[in-house]
Amino acid sequence: MITFFNTLTRKKEIFQPIEDKIVKIYTCGPTVYDFAHIGNFRAYIFEDILHRFLEYEGFTVKRVMNITDIDDKTIIGALKENISLNQFTEKYIEAFFEDIKKLRIKTDNIIFSRATENIPEMVNLIKTLLEKGHAYKKENSIYFRISSFPEYGRLSHFDFSKIKTGTSVDADEYEKESARDFVLWKGEKDDFSWDTEIGKGRPGWHIECSAMGMKYLGETFDMHTGGVDNIFPHHENEIAQCEMATGKPFVKYWLHCQHLMVNGEKMSKSKGNFYTLRDLLKKGYDPVAIRYLLMSTHYRDPLNFTEKSLQQAKNTVDRWNDFYRRIKFLNIDERKNEQISQQCIKTENIFRESLGDDLNISMALAGIFELMHSTNNSITENNINRENLEEISKIIEKVDYVLQVLKPFEDSIDAEILTLIEKREQARKEKDFSQADKIRSILQEKGIILEDTPLGPRWKQKK
RNA sequence: GGCCAGGUAGCCAAGAGGUAAGGCAGCGGUCUGCAAAAUCGCUAUUCACCGGUUCAAAUCCGGUCCUGGCCUCCA
């Protein structure tokens, strides 16, 4: 059984996709006007875990992520640099893909959909809304008429009769019938316009996700995700647009992840308290550790980012990899340990049940640590055989499809370093420990860490 | 003001009526020529606070305090 917390009902619900074994997910993606910060990536990592877990559970996942390449910020950026919108957004799109690759966020089986490539779909949706009387034209812009959707506020659980309207009113929105009405189509006011059946202009923000979601996933689909800051107004507006246009429910499950905090405050561009992935990599942090840190707190809890936690995450990831390396290269074949075999089965069950419980990752990880613990114990007690080790590495590899913390083994090494390792072994045999230690520290400076095992020295790259 | 999330050891973090998982760091022991890795042991009578319900509460109820978010672009 899989359950997810649905923002719509504020409850954990049993997950039942509309079509058996197929899950259709729309995930809100980046606006490509700058490098994404790690708060943004927290959301993408959460979605990545969700996606990978559903695949792990045997679902076929059909997923769309939008790339918002037309909005005020991208336009301002392009104007500032005096280049075309495409030229401007292209470099941030590229950067985005570089970054998510480093964070091991999957890109296969995902449709990355650019707003600028889906203008006709948006125009069609707006046309439908106009025809049905849920939208109206004022000046050259088109607005959604909220009064025609009585359920407005269902997702955010706002009672609009009790809420004051926002104070800031956009200059091009003064003609709205009601202050809450939101723009579907912004009438032409600069060069960034499309000439369409509904007039010259460009799409509003909310319409793009609706149009692209329905284009690829249908009028009703399983899941829609994003950060909690998208609940209102973005996702609320999407529901309004889609359900008024199609007369059908838009999305079954809404999942939202909490913010990444810095010094107790939301990490955001406007506050200036953000780290980009690039900032952290420049400081020498390991992208896998960053992934681990961002995924190891439950997605619905706020996570306070500190470099100290990042260091902790790095140590944990190192331990994980040390363990994996250990069992892969261990040359031991004593008697089979039935308890370990049992525990392997148990570990996988815990992993599945925990992630199936609204992605309880702490619990899932704890299960793996228990297995590591017992395995190490069994190794010390010589109570383990090759078959056990294979069972264990199989589990570790399997869960790693979801977690993505294992690193490839270093398979090549300089001949020069190899010679140094041999020289040190020779020195140790001759009990010339000062020479041996000297070589060891030289190697360390070169980023090679030595471990002396009963079976001879083992080396690893310093991480 | 309305709505929402959260407050559990030095740090991170599970648990949601049955007597505090796990990780990191630290300390002590084993192993080692010394390290590293591994391992063993120790590290919250207590879960923001105050009442209440119960045989039993970190978990339920009432109240209080604190932090953050949304209500305007935002993952």
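Note: hydrogens, waters and symmetry copies are ignored here, and every other heavy atom, side chains too, is used. A, B, ... follow the sequence lines: proteins, then strands. Residue 1 opens every chain. Note that the coordinates shown come from a computational prediction; the quantities given were computed from them, not determined experimentally.
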Starting the side chain at C-beta, find the nucleotide from [options] nearest to [X].
{"X": "A/Asn315", "options": "B/G69, B/C71, B/A25", "result": "B/A25"}
{"X": "A/His298", "options": "B/C70, B/G23, B/A14", "result": "B/A14"}
{"X": "A/Asn377", "options": "B/A14, B/C40, B/G10", "result": "B/C40"}
{"X": "A/Thr297", "options": "B/A13, B/G33, B/A75", "result": "B/A13"}
{"X": "A/Ala366", "options": "B/G69, B/G22, B/G33", "result": "B/G22"}
{"X": "A/Asp322", "options": "B/A38, B/A75, B/C71", "result": "B/A38"}
{"X": "A/Asp301", "options": "B/G22, B/C24, B/G6", "result": "B/G6"}
{"X": "A/Asn40", "options": "B/A75, B/G23, B/G33", "result": "B/A75"}
{"X": "A/His259", "options": "B/A75, B/A36, B/C3", "result": "B/A75"}
{"X": "A/Lys73", "options": "B/G6, B/C73, B/A75", "result": "B/C73"}

Would you mind classifying the nucleic acid contact of [X] as base, sugar-phosphate or nothing, using non-hydrogen atoms under 4.0 angstrom?
{"X": "A/Leu293", "result": "nothing"}
{"X": "A/His206", "result": "nothing"}
{"X": "A/Lys429", "result": "nothing"}
{"X": "A/Ile231", "result": "nothing"}
{"X": "A/Asn304", "result": "nothing"}
{"X": "A/Gly29", "result": "sugar-phosphate"}
{"X": "A/Asp71", "result": "nothing"}
{"X": "A/Asp437", "result": "base"}
{"X": "A/Arg154", "result": "nothing"}
{"X": "A/Ser156", "result": "sugar-phosphate"}
{"X": "A/Phe323", "result": "nothing"}
{"X": "A/His256", "result": "nothing"}
{"X": "A/Phe433", "result": "base"}
{"X": "A/Gly226", "result": "sugar-phosphate"}

Output yes when at least one side-chain N/O atom of [X] is less than 4.0 Å from OP1 or OP2 of [N], else no.
{"X": "A/Arg319", "N": "B/G23", "answer": "yes"}
{"X": "A/Asn263", "N": "B/G68", "answer": "no"}
{"X": "A/Lys271", "N": "B/G69", "answer": "yes"}
{"X": "A/Asn230", "N": "B/A75", "answer": "no"}
{"X": "A/Lys266", "N": "B/C70", "answer": "yes"}

Atom-pair distance ([atom1] on [X]; [atom2] on [N]), nearest Å:
{"X": "A/Gln258", "N": "B/A13", "atom1": "CD", "atom2": "C1'", "result": "16 Å"}
{"X": "A/Ile361", "N": "B/G23", "atom1": "CD1", "atom2": "C1'", "result": "13 Å"}
{"X": "A/Glu370", "N": "B/U39", "atom1": "CD", "atom2": "P", "result": "13 Å"}
{"X": "A/Gln311", "N": "B/C24", "atom1": "CD", "atom2": "P", "result": "13 Å"}
{"X": "A/Met295", "N": "B/G23", "atom1": "CE", "atom2": "C1'", "result": "12 Å"}
{"X": "A/Leu371", "N": "B/G23", "atom1": "CG", "atom2": "P", "result": "12 Å"}
{"X": "A/Ile421", "N": "B/A36", "atom1": "CD1", "atom2": "P", "result": "18 Å"}
{"X": "A/Glu208", "N": "B/A75", "atom1": "CD", "atom2": "P", "result": "11 Å"}

*Could you tell me whether A/Asp318 and A/Lys314 have a side-chain N and a carboxylate O separated by less than 4.0 Å?*
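Salt bridge flag = yes for A/Lys314 with A/Asp318.
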
*Is A/Lys91 paired with A/Glu81 through a side-chain N to carboxylate O contact shorter than 4.0 Å?*
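Here A/Glu81 pairs with A/Lys91 in a salt bridge, since their nearest N and O are under 4.0 Å apart.
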
*Assign each of A/Arg424 and A/Thr375 to its nearest nucleotide of RNA chain B by heavy atoms, then name whichever residue's nucleotide is nearer the 5' end.*
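The residue mapped nearer the 5' terminus is A/Arg424.
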
_Please compare A/Arg326 and A/Leu365 by the position of their nearest nucleotide in RNA chain B and report the one closer to 5'._
A/Leu365

*Euclidean distance for C1', B/A56 against B/U45 (whole angstrom)*: 16 Å

*Between B/A16 and B/A44, how far is it from one P atom to the other, in whole Å?*
23 Å

Is there a donor on the side chain of [X] or the base of [N] sitting less than 3.5 Å from an acceptor on the other?
{"X": "A/Arg428", "N": "B/G33", "result": "yes"}
{"X": "A/Asp452", "N": "B/C34", "result": "yes"}
{"X": "A/Arg440", "N": "B/C34", "result": "yes"}
{"X": "A/Gln312", "N": "B/C11", "result": "yes"}

*Distance under 6.0 Å and angle within 45° of ring axis: A/Lys398 vs A/Phe351*: no

*Test A/His206 against every option in A/His234, A/Glu238, A/Glu236 by the side-chain hydrogen bond (donor to acceptor under 3.5 Å, both in side chains) rule and name the one that passes.*
A/His234

*Passing candidate, side-chain hydrogen bond (donor to acceptor under 3.5 Å, both in side chains) with A/Thr68, options A/Glu208, A/Arg114, A/Lys73*: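 Going through A/Glu208, A/Arg114, A/Lys73 one by one, the side-chain hydrogen bond (donor to acceptor under 3.5 Å, both in side chains) with A/Thr68 is satisfied by A/Glu208 alone.
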
Is there a Watson-Crick or G-U wobble partner for [N] with both distances under 3.5 Å, and if so, which one is it?
{"N": "B/U19", "value": "none"}
{"N": "B/A38", "value": "B/U30"}
{"N": "B/G1", "value": "B/C71"}
{"N": "B/U59", "value": "none"}
{"N": "B/G6", "value": "B/C66"}

_Parallel, tilted or perpendicular, judged at 30° and 60°: which one describes the rings of A/Phe221 and A/Tyr26?_
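Correct class here is tilted.
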
*Between the main-chain N or O of A/Glu353 and the side-chain N or O of A/Asp357, is there a donor-acceptor pair closer than 3.5 Å?*
no

*State yes or no: are the ring centers of A/Phe5 and A/Tyr253 separated by less than 6.0 Å?*
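No.
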
*Assess the pair A/Phe182 and A/Tyr143: is the distance between their ring centroids shorter than 6.0 Å?*
no

*Step by step, work out the salt bridge (charged side-chain N to carboxylate O under 4.0 Å, His left out) result for A/Arg319 and A/Asp322.*
CA-CA 5 Å; A/Arg319 178 175 166 211; A/Asp322 280 336; over 6 Å; no

